[in-house]
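To keep things clear, I will list the structure first and then write my remarks on it.
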Amino acid sequence: MQIGLVGLGKMGGNMRERIRAAGHTVVGYDTNPDLSDVGHLSDVVDRLDGPRAVWVMVPAGAVTQHVIDQLGSLLKPGDTVVDGGNSHWRDDEKHAKELGARGIGFVDAGVSGGVWGLEHGYALMVGGEEEHVQRLKPIFDALKPDGPYGYVHAGRVGAGHFAKMVHNGIEYAMMQAYAEGWELLEKVDSVDNVREVFRSWQNGTVIRSWLLDLAVDALDDDAHLEKLRGYADDSGEGRWTVEAAIDNAVPLPAITASLFARFSSRQEDSPQMKMVAALRNQFGGHAVTSADRPDPATPGSPGSPGSPGSPDEV
């Protein structure tokens, strides 16, 4: 199958490689010419046979809207656009309506896997009409992990990004629990090998998980996380999850508390946020703040460093 891929950053570039390894043709475009296969977005469309499919992997919000507006003028009826970024699910409904008026299909895909996706595959949560989703199934199969799990057609347009939003909200709470436990263990005098306590939990316990494995990796790199400042951004998806909970009167005390804990990291150095920052770096390659660096100039707020970026930026 042929597919265009717009946005070749940390995830998009690896996705291009994984899709190609499965035998499909990918025409990639990025504003960085060193990464791009072609010079312009229009070249992606010209290089694909109809009906075309173009996957968008760019930051949510204005950048995604700009790319979709451009594709709406370049593509033809019968073509399909996939938004694999971290867009708000309400934006999906808007994009589907705009493209649908031109006869162009739209699919939203929540993507999880971070910097490890190339090797292990990407978990995919997809929303859209059945005919559009099925057309992209060979690409979904190429990206997903081996085995029966890691892919779901979650529902109609918006369902994929809504499911990924909730996934990221749960991830907030899990990281916060590990971080709180780590800080308490570090605080007491009786425990003198916190790293090995975490390592001992990796087998035979009910709290073992990939996040726990990554926490151990982070502690192997820096046993007491002394190289990090206790600062962690929030991507925006945690906020959206809490907002959706309020709209639907669903209590989310753990996820909400974990979001507020991120805000505490902007007030003073937080030991818990050192672990959260270390975990984000381990699974997503997200930047960390050095312990000797001054406070970030701009707190994470909508439209600032706390706005959604790559799909695994939580």
Side-chain angles (χ1 to χ4, degrees), residues 1-88 91-111 113-115 117-118 122 124 126 128 132-133 135-140 142-143 157 160-161 285 303 307-313:
M1 180 175 177
Q2 295 180 332
I3 190 166
L5 183 57
V6 182
L8 302 172
K10 285 183 291 188
M11 286 190 69
N14 283 344
M15 288 169 64
R16 172 176 60 177
E17 189 172 341
R18 187 172 174 91
I19 295 169
R20 284 176 173 170
H24 302 291
T25 298
V26 182
V27 181
Y29 171 72
D30 195 276
T31 53
N32 181 349
D34 294 334
L35 303 176
S36 194
D37 298 323
V38 293
H40 303 280
L41 183 61
S42 59
D43 296 332
V44 174
V45 176
D46 292 342
R47 292 265 297 269
L48 299 173
D49 298 330
R52 303 167 187 82
V54 179
W55 190 304
V56 179
M57 284 295 292
V58 300
V63 178
T64 293
Q65 183 67 60
H66 177 67
V67 172
I68 288 178
D69 286 344
Q70 287 184 293
L71 289 173
S73 65
L74 293 169
L75 295 173
K76 305 297 182 184
D79 294 342
T80 306
V81 172
V82 183
D83 179 7
N86 267 347
S87 293
H88 194 284
D91 289 343
D92 295 328
E93 297 174 344
K94 176 176 179 288
H95 296 154
K97 183 177 180 180
E98 292 169 347
L99 293 172
R102 297 172 176 265
I104 301 167
F106 178 82
V107 173
D108 61 286
V111 182
V115 296
L118 174 59
Y122 300 88
L124 303 170
V126 176
H132 301 143
V133 171
R135 204 181 140 230
L136 274 295
K137 194 64 164 53
I139 301 300
F140 297 144
L143 288 170
V157 166
H161 281 145
S307 299
S310 68
D312 271 316
E313 189 169 327

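The residues of the chain are indexed from 1 along the displayed sequence. In this text the structure is predicted, and so the values were computed from the model without any measurement.
Across all non-hydrogen atoms, the minimal contact from D37 to R20 is OD2-NH2, 2.8 Å. Taking each heavy atom of L75 and V81 in turn, the nearest pair found is CD1-CG2, 3.5 Å. Heavy atoms only, all atoms of each residue included: A60 and N86 are closest at CB-O, 3.5 Å. Here the closest heavy-atom approach between residue F140 and residue V133 is recorded as CE1-O, 3.6 Å. Heavy atoms only, all atoms of each residue included: D79 and R52 are closest at OD1-N, 2.7 Å. Nearest approach of A142 to H24, heavy atoms of both residues: CB-CD2, 3.9 Å.
Using a distance-only test at 3.5 Å, with no hydrogens or angles considered, a donor-acceptor pair links the side chain of Q2 to the main chain of D49.
Rounding to the nearest 0.5 Å places CG of N14 at 10.0 Å from CZ of R18. The line from CG of L8 to OH of Y29 is 10.0 Å long, rounded to the nearest 0.5 Å. One finds the CD1 atom of I19 at 5.0 Å from the CD1 atom of I139 (value rounded to the nearest 0.5 Å). Note that OG1 of T80 and CH2 of W55 are 12.0 Å apart. Values are rounded to the nearest 0.5 Å. Atom CG of L143 sits about 9.0 Å away from atom CE of M11, to the nearest 0.5 Å. Considering CZ of R16 and CG of L5, their distance stands at 7.5 Å, rounded to 0.5 Å.
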Check the pair D91, T64 against side chain to side chain contact (heavy atoms under 4.5 Å, CB included), reporting the backbone distance first and the verdict last.
CA-CA 10 Å; D91 289 343; T64 293; over 6 Å; no
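Side-chain contact of D83 with S87: a donor-acceptor pair under 3.5 Å is present, judged by distance alone.
In this structure, V56 and V82 have side chains that are not in contact, with every pair of non-hydrogen atoms separated by 4.5 Å or more. With a 4.5 Å cut-off on side-chain heavy atoms, D43 and H40 count as touching. At least one side-chain heavy atom of L48 sits under 4.5 Å from a side-chain heavy atom of V54. You'll find the side chain of P51 stays beyond 4.5 Å of the side chain of K76, heavy atoms only. Contact of the V26 side chain with the M15 side chain is not registered, since no non-hydrogen atoms from C-beta on lie closer than 4.5 Å.
Between K94 and E98 a salt bridge is recorded (basic side-chain N to carboxylate O distance below 4.0 Å).
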Anything under 3.5 Å between a donor and an acceptor, one on a side chain of residues 102-110, the other on a protein residue two or more places apart or in another chain? List them.
unit_1: R102; atom_1: NH1; unit_2: G72; atom_2: O; d: 3.2
unit_1: D108; atom_1: OD1; unit_2: G158; atom_2: N; d: 2.7
unit_1: D108; atom_1: OD2; unit_2: G160; atom_2: N; d: 2.9
unit_1: D108; atom_1: OD2; unit_2: H161; atom_2: N; d: 2.9

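Partners of D69 according to the side chain to side chain donor-acceptor pair (under 3.5 Å) rule, which considers only residues two or more places apart in sequence or in another chain, are Q65.
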